[in-house]
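A short write-up of the structure that comes next.
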Amino acid sequence: MEGVLPLIERDDNDNRRLTWSVFGEEAKKFGYIAAPMVAVTLSQYLLQVISVMMVGHLGELALSSAAIAISISSVTGFSLIMGMSSALETLCGQAYGAQQYKKFGTQTYTAIFSLLIVCIPLSIIWKNTGAILLLIGQNPSISHEAGKFITWLIPAIFAYAVLQPLVRYFQMQSMLWPMLISSTVALLLHIPLCYALVYKTTLANIGGAVSMGITMWLNAIFLFFYMKYSPSCGKTRAPISIEVVHGMKQFFSYAIPSAVMICLEWWSYEILILLSGLLPNPELETSVLSVCLNTIATLYAIAFGFGAGISTRVSNELGAGNPHGARTAVYVVLILAIIETSVISTSVFVSRRVFGYIFTNEKEVVDYVTKMAPLLCLNIIMDSLQGTLSGVARGVGWQHLGAYINLAAFYLAGIPVAAFLGFYTSLRGIGLWIGILVGAVIQLILLTTVTISTNYEKQATKVRERLFNEESSVERLM
């Protein structure tokens with residue numbers, strides 16, 4: 001066994017400094033993963049954005065109710081499933097680096113099976129969303145329409161539970177073209193389908209939810225059949241066996257902190273949407289914050305793509321026993337992230353007077369968004385950098401630390417500050433956003449501290465020991 005899986009595999013490059021040639025080499029490896037992952041993440045998230053955009057042009061009530069429905073679906077469903085599936089960035093990424101290919105495939109099936117089970121209670125919550133919103137004091141008209149919208153999203157959450165583990169399956173072995181093609185085609189189909197269902201049928205705003213479910217299932221089905229039958233997936237394709245069930249305990253041990261780490265931040269943003277519905281003039285405040293949130297979330301797809309790229313590089317290198325490669329990847333990606341977020345935030349600020357029209361024709365909403373633009377740009381910078389650092393944490397397997405950081409940053413600081421400024425000052429929606437910006441700053445400081453303090457040699461040893469012990473246990477059972 002030791003000959004198959006030594007604890008550390010050192011190579012001649014272990015002591016190289018970060019020169020321009022090393023930077024270029026690592027940037028090329030990272031770019032090969034990150035660029036397609038940005039496109040995949042963005043195209044998948046744009047399904048939600050396009051639905052909100054289409055519905056938003058039906059009026060303020062349609063926009064605010066769809067925004068709340070999408071927010072709740074993200075809080076209780078989509079972000080939860082995405083977060084839990086991110087456990088595979090640790091488990092599959094490190095297994096692939098250690099060349100444990102059959103285990104790689106089995107863990108993917110385990111994730112799909114586990115997440116489909118999780119979707120059952122989530123669908124029950126979604127079915128009763130309208131009543132829950134009324135119970136917490138939301139506007140009755142908004143509550144009714146939001147409840148209808150999210151009920152029709154239930155098929156989409158089951159599709160997402162299949163789709164996200166498949167995305168990680170292809171991501172962690174750098175097999176990116178199938179995902180890119182599938183996600184792009186799904187997005188291109190979604191645009192005319194959503195338009196037709198919203199404007200050309202009696203479904204109206206409900207058409208946005210129906211179209212999301214259809215396109216997500218098409219995406220998931222294509223990737224599943226590609227995994228099942230493509231020769232390029234041969235070495236990582238595993239039979240469905242009892243090991244799928246046996247692996248659930250390990251999956252949930254990583255999936256729960258992964259979900260908490262990702263969800264705690266996004267839940268804090270979604271809480272702002274819910275709080276905005278309790279402010280004076282709730283339709284205006286909710287519409288404005290939903291435009292800002294959708295802008296943040298759309299651009300965050302770039303940061304998440306960066307995070308996916310670095311988690312793949314770090315987990316693969318640690319699984320292969322190469323701590324220097326992991327450390328170099330982190331340095332290079334942080335430099336690229338700083339450049340990327342500078343360009344994006346500047347572009348948003350320059351276009352601050354017009355980008356609101358993407359989501360609505362209401363001039364009052366667009367003018368309010370223009371006032372929010374400087375704060376929005378600061379948020380873009382914070383989120384871009386923390387998205388990358390969160391990817392490092394997932395690659396190492398430190399999801400629990402990320403969860404603690406997000407809990408402290410947003411729930412002990414950000415949300416209390418937001419609630420105070422939103423309800424006890426004249427700032428209203430702007431005050432809510434300032435509070436969440438405070439949380440983002442604290443989060444970035446803490447994540448940076450953890451990343452700087454990481455001992456990659458020690459982490460590589462731990463990963464190799466864990467994989468060695470797991471492989472020995474499986475062989476004893478056989």
Side-chain angles (χ1 to χ4, degrees), residues 1-14 25-26 28-30 32-33 37 85-112 165-179 226-228 230-241 243-244 246-247 250-251 253-254 308-330 391-392 394-397 456-478:
M1 286 294 296
E2 289 184 1
V4 176
L5 193 63
L7 291 182
I8 292 289
E9 297 174 347
R10 297 194 180 276
D11 59 32
D12 295 335
N13 297 322
D14 269 6
E25 180 183 339
E26 180 57 41
K28 185 183 298 184
K29 292 179 182 177
F30 170 76
Y32 178 78
I33 302 170
M37 281 306 302
S85 67
S86 294
L88 296 182
E89 295 184 17
T90 301
L91 296 171
C92 284
Q94 293 175 357
Y96 190 81
Q99 300 181 7
Q100 295 182 341
Y101 298 127
K102 294 304 178 185
K103 181 176 181 179
F104 182 101
T106 300
Q107 287 169 332
T108 304
Y109 287 132
T110 297
I112 293 173
L166 292 174
V167 167
R168 300 307 184 281
Y169 170 86
F170 289 103
Q171 171 194 334
M172 302 318 295
Q173 52 186 321
S174 301
M175 193 181 295
L176 304 168
W177 284 106
M179 286 192 300
Y226 191 93
M227 176 187 73
K228 195 71 177 172
S230 173
S232 60
C233 299
K235 69 179 181 181
T236 55
R237 186 164 49 234
I240 298 177
S241 65
E243 288 184 35
V244 171
H246 290 163
Q250 184 189 45
F251 172 76
S253 71
Y254 282 89
I310 189 57
S311 69
T312 302
R313 292 289 301 124
V314 169
S315 62
N316 285 175
E317 293 292 350
L318 293 181
N322 181 17
H324 174 80
R327 185 187 299 107
T328 301
V330 172
V392 176
R394 296 195 301 272
V396 175
Y456 292 98
E457 285 75 13
K458 182 178 179 180
Q459 294 305 315
T461 301
K462 284 184 176 180
V463 168
R464 300 290 287 184
E465 287 175 345
R466 177 178 64 78
L467 294 171
F468 177 83
N469 291 333
E470 290 173 0
E471 187 172 316
S472 298
S473 299
V474 171
E475 289 197 351
R476 284 196 297 270
L477 290 174
M478 294 175 62

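Computed from heavy atoms alone, side chains included, the values below leave out hydrogens, waters and symmetry copies.
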Quick check: do [X] and [Y] have side-chain heavy atoms less than 4.5 Å from each other?
X	Y	value
H246	T110	no
L166	I112	yes
S241	Y109	no
N316	Y96	yes
L176	M179	yes
L88	F251	yes
K29	I33	no

For this session: Of all the heavy-atom pairs spanning M227 and C233, show the shortest one and how long it is.
Result: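 What the structure gives for the nearest pair is O-CB, 3.6 Å.
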
For this session: Please lay out, stage by stage, how V330 and R313 fare under the test side chain to side chain contact (heavy atoms under 4.5 Å, CB included).
Result: CA-CA 9 Å; V330 172; R313 292 289 301 124; over 6 Å; no

Exercise. Is R327 salt-bridged to E317, cutoff N-O under 4.0 Å?
Worked result: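 Looking at R327 and E317, the cut-off is not met.
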
Just by distance, do the side chain of [X] and the backbone of [Y] share a donor-acceptor pair under 3.5 Å?
X	Y	value
K102	R237	yes
T328	G325	no
T236	G105	no
E243	Q107	no
S315	T312	yes

For this session: Please round to the nearest 0.5 Å and tell me the distance separating atom CG of L91 and atom OG1 of T108.
Result: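 Rounded to the nearest 0.5 Å, the CG-OG1 separation comes out at 10.0 Å.
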
Exercise. Going from CD on Q100 to OG1 on T106, what distance comes out if it is rounded to the nearest 0.5 angstrom?
Worked result: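 These two atoms lie 11.0 Å from each other.
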
Exercise. Just checking, any donor-acceptor pair under 3.5 angstrom between side chains of S174 and Y32?
Worked result: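 Distance-only check fails for S174 and Y32.
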
For this session: Could you walk me through whether R168 and C92 pass the side chain to side chain contact (heavy atoms under 4.5 Å, CB included) test, one step at a time?
Result: CA-CA 8 Å; R168 300 307 184 281; C92 284; over 6 Å; no

